[in-house]
Asker: 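Following this message is one structure expressed as structure tokens.
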Amino acid sequence: MHPDVLPHVSKLARGLGAVATDEPILVIKTRKEIILTAREKREFKLYLAPCVVDGRRGLTLISAFFDDPVSPLTITTPLAADDPLTGTIQILPNQFKVCFFDEHNRELLSCEAHAELGDFRSRITASPLLGEEHFIEMLDQGDAWFARSTAADDMLATSVYLGEDLFPSNYVITDMTQQGFQGRTGFATSQLERPEPGPMQEMDIIHLLKRSYAADRIVHGPVKISDGEELVDVLILGDEVTVLLQAKDSPNTAKTLDTTLERKQRKAISQLKEGLSQVRGALSTIRREGNPKLKLISGEELSVDLNTKPIVGVVIVKELFKCSYEEYGSHILDFMDRYRIPTLVFDYAELDVMTRHCPSETALLGAFHQIFEHTRDQRTYPRLQFRTRPPR
């Protein structure tokens with residue numbers, strides 16, 4: 001309804017933002033799982049987490065979407081002094097519009113919203129706020145505070161209720177533009193609910209990779225001529241290394257919102273192991289055949305030499321969990337010890353963050369190398385963490 005503000009939305013990083021039209025609109029740019037939770041539950045909660053940096057106090061906003069009653073999905077937003085978002089939140093009326101976008105700037109849900117914001121606004125106005133230079137500390141402290149929050153904190157939280165949709169959310173987006181990468185041809189589709197997630201997630205991953213690589217260096221689903229099977233989900237023909245990437249996702253449907261946290265954690269381990277197995281299969285083919293003959297899904301033969309550059313394995317899963325990194329590291333270290341190639345695992349949200357911070361192959365491989373060196377030398381797999389604010 002406001003196409004003139006879409007260029008501004010496209011510059012917003014992941015998280016909460018705001019756009020000014022004839023009325024303030026809250027923009028939430030986040031992953032599809034959070035958007036679906038908001039649509040189905042019709043409510044989310046706002047928490048104000050205290051933080052202290054160098055003896056100075058401030059606030060961090062936690063937006064919680066309760067797909068699970070104990071461990072909800074969250075978005076952490078530092079409330080920085082002089083930040084336009086903070087100013088908008090302080091004047092946001094009780095009745096407002098909220099629009100949800102994914103990381104590719106696709107508007108997947110927009111609603112009328114209602115919240116009793118009087119006390120919420122007063123608490124922000126009465127509190128000192130830190131500057132943007134403390135962005136990272138505010139993120140870290142906000143997450144830590146929420147992890148140990150109590151029932152009393154829940155009582156102080158502000159509920160945001162989602163009312164009437166501004167347009168139907170059960171539609172399919174069709175992208176007829178030329179994608180530029182090699183591989184699958186024709187148009188691409190996307191939608192919020194995904195009973196069969198694979199191809200859509202692979203396309204989303206390719207869109208993220210195009211931030212760091214020229215599109216023609218990315219091959220979607222190269223097929224082995226010898227047996228007609230895919231070599232990998234995505235092959236990246238970089239200037240410095242060749243990347244074998246396997247993508248693992250789960251359905252995103254209303255029914256999956258009832259999945260327990262324990263089952264999600266087990267699924268992440270299962271996806272990691274399956275993805276590593278598929279990378280192993282691709283690597284074995286390359287080592288056994290020297291330079292396997294490949295073709296695109298269209299049948300066109302792919303002219304590439306996979307023996308000229310080092311190989312890196314990457315597995316993308318739906319979601320990684322803080323409490324399971326020791327087990328993730330065990331599987332990755334075992335794989336690297338056996339097959340002698342750098343191997344990395346990220347969840348989809350981490351890949352989004354990484355490609356925002358690393359808008360070139362050199363920058364991305366620099367981050368890869370730091371993670372690989374830490375894993376090799378410390379024998380643990382580190383959580384992804386950038387110490388600078390992502391570019392807008």
Asker: Do the charged groups of R211 and D352 touch, with an N to O distance under 4.0 Å?
Answerer: yes
Asker: Charged N to carboxylate O below 4.0 Å: is that the case for K248 and D347?
Answerer: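 Salt bridge between K248 and D347, a charged N being under 4.0 Å from a carboxylate O: no.
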Asker: Could you check whether atom CZ of R42 has more than 12 heavy atoms from other residues, nucleotides or ligands sitting under 6.0 Å from it?
Answerer: yes
Asker: For the backbone of R123 and the side chain of S127, can you confirm whether one donor and one acceptor N or O come within less than 3.5 Å of each other?
Answerer: no
Asker: Scan side-chain atoms only and decide if Q370 and H374 contain a donor-acceptor pair under the 3.5 Å cut-off.
Answerer: no
Asker: Out of D249, D204, D67, which residue meets the salt bridge (charged side-chain N to carboxylate O under 4.0 Å, His left out) rule with K32?
Answerer: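 It is D249, the one option of D249, D204, D67 that forms the salt bridge (charged side-chain N to carboxylate O under 4.0 Å, His left out) with K32.
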Asker: Under a 3.5 Å threshold, yes or no: a donor from one side chain and an acceptor from the other, between H220 and E202?
Answerer: yes
Asker: Could you measure the distance from the CD atom of Q246 to the CZ atom of R280? Nearest 0.5 Å is fine.
Answerer: 11.5 Å
Asker: Is there a donor-acceptor contact under 3.5 Å linking the side chains of E107 and S110?
Answerer: yes
Asker: Evaluate the side-chain proximity of L16 to L61: yes if any heavy-atom separation is below 4.5 Å, no if none is.
Answerer: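 L61 vs L16: side chains touch.
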Asker: Answer yes or no: is there a side-chain heavy-atom contact under 4.5 Å between V234 and I218?
Answerer: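 With C-beta onward as the side chain, the pair touches.
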Asker: Parallel under 30°, tilted from 30 to 60°, perpendicular over 60°: which one fits the rings of H114 and Y161?
Answerer: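 Aromatic pair H114/Y161 classed parallel.
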Asker: Is the ring pair F65/F44 parallel, tilted or perpendicular, if the boundaries are 30 and 60 degrees?
Answerer: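 Answer is parallel, since the angle falls under 30°.
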Asker: Evaluate the side-chain contact (heavy atoms from CB on, under 4.5 Å) criterion for residues Q278 and V232: first the C-alpha distance (whole Å), next the side-chain angles of each, then the deciding distance (0.1 Å), finally the verdict.
Answerer: CA-CA 7 Å; Q278 291 169 326; V232 285; over 6 Å; no
Asker: Are the side chain of T256 and the backbone of N252 linked by a donor-acceptor contact shorter than 3.5 Å?
Answerer: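 Such a contact is absent between T256 side chain and N252 backbone.
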Asker: Please round to the nearest 0.5 Å and tell me the distance separating atom OG of S212 and atom CZ of R217.
Answerer: 13.5 Å
Asker: Is there side-chain contact between T362 and D239, with heavy atoms separated by less than 4.5 Å?
Answerer: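 Of all side-chain heavy-atom pairs linking D239 with T362, none is under 4.5 Å.
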Asker: Looking at P292, is its backbone amide N or carbonyl O close enough to the side chain of K224 to form a donor-acceptor pair, meaning the two atoms are under 3.5 Å apart?
Answerer: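 No, K224 side chain to P292 backbone: no donor-acceptor pair under 3.5 Å.
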Asker: When rounded to the nearest 0.5 angstrom, what is the spacing between OG1 in T380 and CD in E326?
Answerer: 9.5 Å
Asker: Is there a donor-acceptor pair under 3.5 Å between the side chain of R121 and the backbone N or O of L92?
Answerer: yes
Asker: One thing to verify: whether R31 and D102 come together as a salt bridge, which I'm taking to mean a side-chain N less than 4.0 angstrom from a carboxylate O.
Answerer: no
Asker: For the side chain of E361 and the backbone of E240, is there at least one donor-acceptor N/O pair under 3.5 Å apart?
Answerer: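 Between the backbone of E240 and the side chain of E361 there is a qualifying donor-acceptor contact (under 3.5 Å).
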Asker: Is E300 salt-bridged to K295, going by a charged N under 4.0 Å from an acidic O?
Answerer: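 Looking at E300 and K295, the cut-off is not met.
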Asker: Donor-acceptor pair, distance only, cut-off 3.5 Å: does the side chain of N291 make one with the backbone of L306?
Answerer: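 At least one qualifying donor-acceptor pair exists.
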Asker: For a side-chain contact (heavy atoms from CB on, under 4.5 Å) check, start with the C-alpha distance between I311 and L283, then their side-chain angles and the critical distance, and finish with the verdict.
Answerer: CA-CA 9 Å; I311 290 176; L283 183 63; 4.2 Å; yes
Asker: Taking a hydrophobic cluster as the set of Ile, Leu, Val, Met, Phe, Trp and Tyr residues connected by side-chain heavy atoms closer than 4.5 Å, whether directly or through intermediates, do I28 and F66 fall within one such cluster?
Answerer: no
Asker: Quick check on the hydrophobic clustering: are V304 and V279 connected, directly or via other members, by side-chain heavy-atom contacts under 4.5 Å?
Answerer: yes
Asker: Where does the angle between the aromatic ring planes of Y381 and Y325 fall among parallel (under 30°), tilted (30 to 60°) and perpendicular (over 60°)?
Answerer: parallel
Asker: Are the side chains of L364 and H357 in touch, meaning some heavy atoms are under 4.5 Å apart?
Answerer: no
Asker: Quick one: CD on Q191 to OH on Y171, what's the gap to the nearest 0.5 Å?
Answerer: 10.5 Å
Asker: Hydrophobic cluster membership, with links at side-chain heavy-atom distances under 4.5 Å among I/L/V/M/F/W/Y: are I205 and L296 in one?
Answerer: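 The answer is yes; both residues are in one hydrophobic cluster.
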Asker: When you look at CD of E164, are more than 12 heavy atoms from neighbouring residues, nucleotides or ligands closer to it than 6.0 Å?
Answerer: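 Incorrect, the count does not exceed 12.
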Asker: Is the shortest distance from a Lys or Arg side-chain nitrogen in E103 or K29 to a carboxylate oxygen in the other one below 4.0 Å?
Answerer: no
Asker: Do Y47 and V98 share a hydrophobic cluster (ILVMFWY, side-chain heavy atoms under 4.5 Å, transitive)?
Answerer: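 In one cluster: no.
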Asker: Please confirm whether the backbone N or O of G281 pairs with a side-chain atom of T285, one donor and one acceptor, at under 3.5 Å?
Answerer: yes
Asker: Kindly give the heavy-atom pair with the smallest separation between V345 and L320, and that separation in Å.
Answerer: O-CD1, 4.3 Å
Asker: What pair of heavy atoms forms the shortest contact from S190 to M200, and how long is it?
Answerer: CA-SD, 4.0 Å
Asker: Quick one: are L26 and F96 in side-chain contact, heavy atoms under 4.5 Å?
Answerer: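 L26 vs F96: side chains touch.
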Asker: With a 4.5 Å heavy-atom cut-off, do L130 and P78 have their side chains touching?
Answerer: no
Asker: Going from NE2 on H8 to NZ on K11, what distance comes out if it is rounded to the nearest 0.5 angstrom?
Answerer: 8.5 Å
Asker: Between E327 and K273, does at least one N-O distance fall below 4.0 Å, as a salt bridge requires?
Answerer: no
Asker: Of all heavy-atom pairs between T343 and I332, which one has the smallest distance, and what is that distance?
Answerer: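 It is O-CG2, 3.5 Å.
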Asker: Can you give me the closest heavy-atom contact between L162 and A38, atom names plus distance?
Answerer: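 For L162 versus A38, the nearest heavy atoms are CD1-O, 3.4 Å.
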Asker: Can you check whether L261 reaches Q265 side chain to side chain, under 4.5 Å on heavy atoms?
Answerer: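 The answer is yes, as the side chains (C-beta and beyond) meet within the 4.5 Å cut-off.
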Asker: Any donor-acceptor pair under 3.5 Å linking the side chain of Q141 with the backbone of V52?
Answerer: yes
Asker: Decide, yes or no, whether a salt bridge links K45 with E43 under the criterion of side-chain N to carboxylate O below 4.0 Å.
Answerer: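 The answer is yes: the pair qualifies as a salt bridge.
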Asker: Between the main-chain N or O of F146 and the side-chain N or O of S149, is there a donor-acceptor pair closer than 3.5 Å?
Answerer: yes
Asker: Hey, mind stepping through F368 and F372 against ring pair (Phe, Tyr, Trp, His ring centres under 6.0 Å) and telling me if it holds?
Answerer: CA-CA 6 Å; F368 281 8; F372 167 66; over 10 Å; no
Asker: In a check of side-chain contact (heavy atoms from CB on, under 4.5 Å) between L48 and each of T60, D153, D119, L79, which one passes?
Answerer: L79
Asker: Before you tell me yes or no, could you show the steps for T88 and T86 under side-chain contact (heavy atoms from CB on, under 4.5 Å), namely the whole-Å CA-CA distance, both residues' side-chain angles and the distance that decides it to 0.1 Å?
Answerer: CA-CA 5 Å; T88 298; T86 303; over 6 Å; no
Asker: Any donor and acceptor pair, going by atom type alone, linking the side chain of S169 with main-chain N or O of L108 inside 3.5 Å?
Answerer: no
Asker: Thinking salt bridges, do R148 and D143 make one under a 4.0 Å N-O criterion?
Answerer: no
Asker: What is the minimum heavy-atom distance between A282 and L244, and which atoms define it?
Answerer: CB-CD1, 4.1 Å
Asker: If you look at every heavy atom in L351 and I316, which pair is closest and at what distance?
Answerer: CD2-CD1, 4.1 Å
Asker: Walk me through it: do K97 and E23 pass the test side-chain contact (heavy atoms from CB on, under 4.5 Å)?
Answerer: CA-CA 9 Å; K97 291 180 173 65; E23 57 184 325; 2.7 Å; yes
Asker: Indicate, with yes or no, if M354 and I206 share a hydrophobic cluster defined by side-chain heavy-atom contacts under 4.5 Å among Ile, Leu, Val, Met, Phe, Trp and Tyr.
Answerer: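 Per the 4.5 Å side-chain linkage, I206 and M354 are co-clustered.
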Asker: Looking at R379 and D337, is any side-chain nitrogen of the basic one under 4.0 Å from a carboxylate oxygen of the acidic one?
Answerer: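 So D337 pairs with R379 through a salt bridge.
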Asker: Establish, from distance only, whether the side-chain atoms of Q271 and S250 form a donor-acceptor pair under 3.5 Å.
Answerer: yes
Asker: Answer yes or no: is there a side-chain heavy-atom contact under 4.5 Å between E196 and P251?
Answerer: no
Asker: Measure the CG-CG distance between N170 and L192 for me, rounded to the nearest 0.5 Å.
Answerer: 9.5 Å
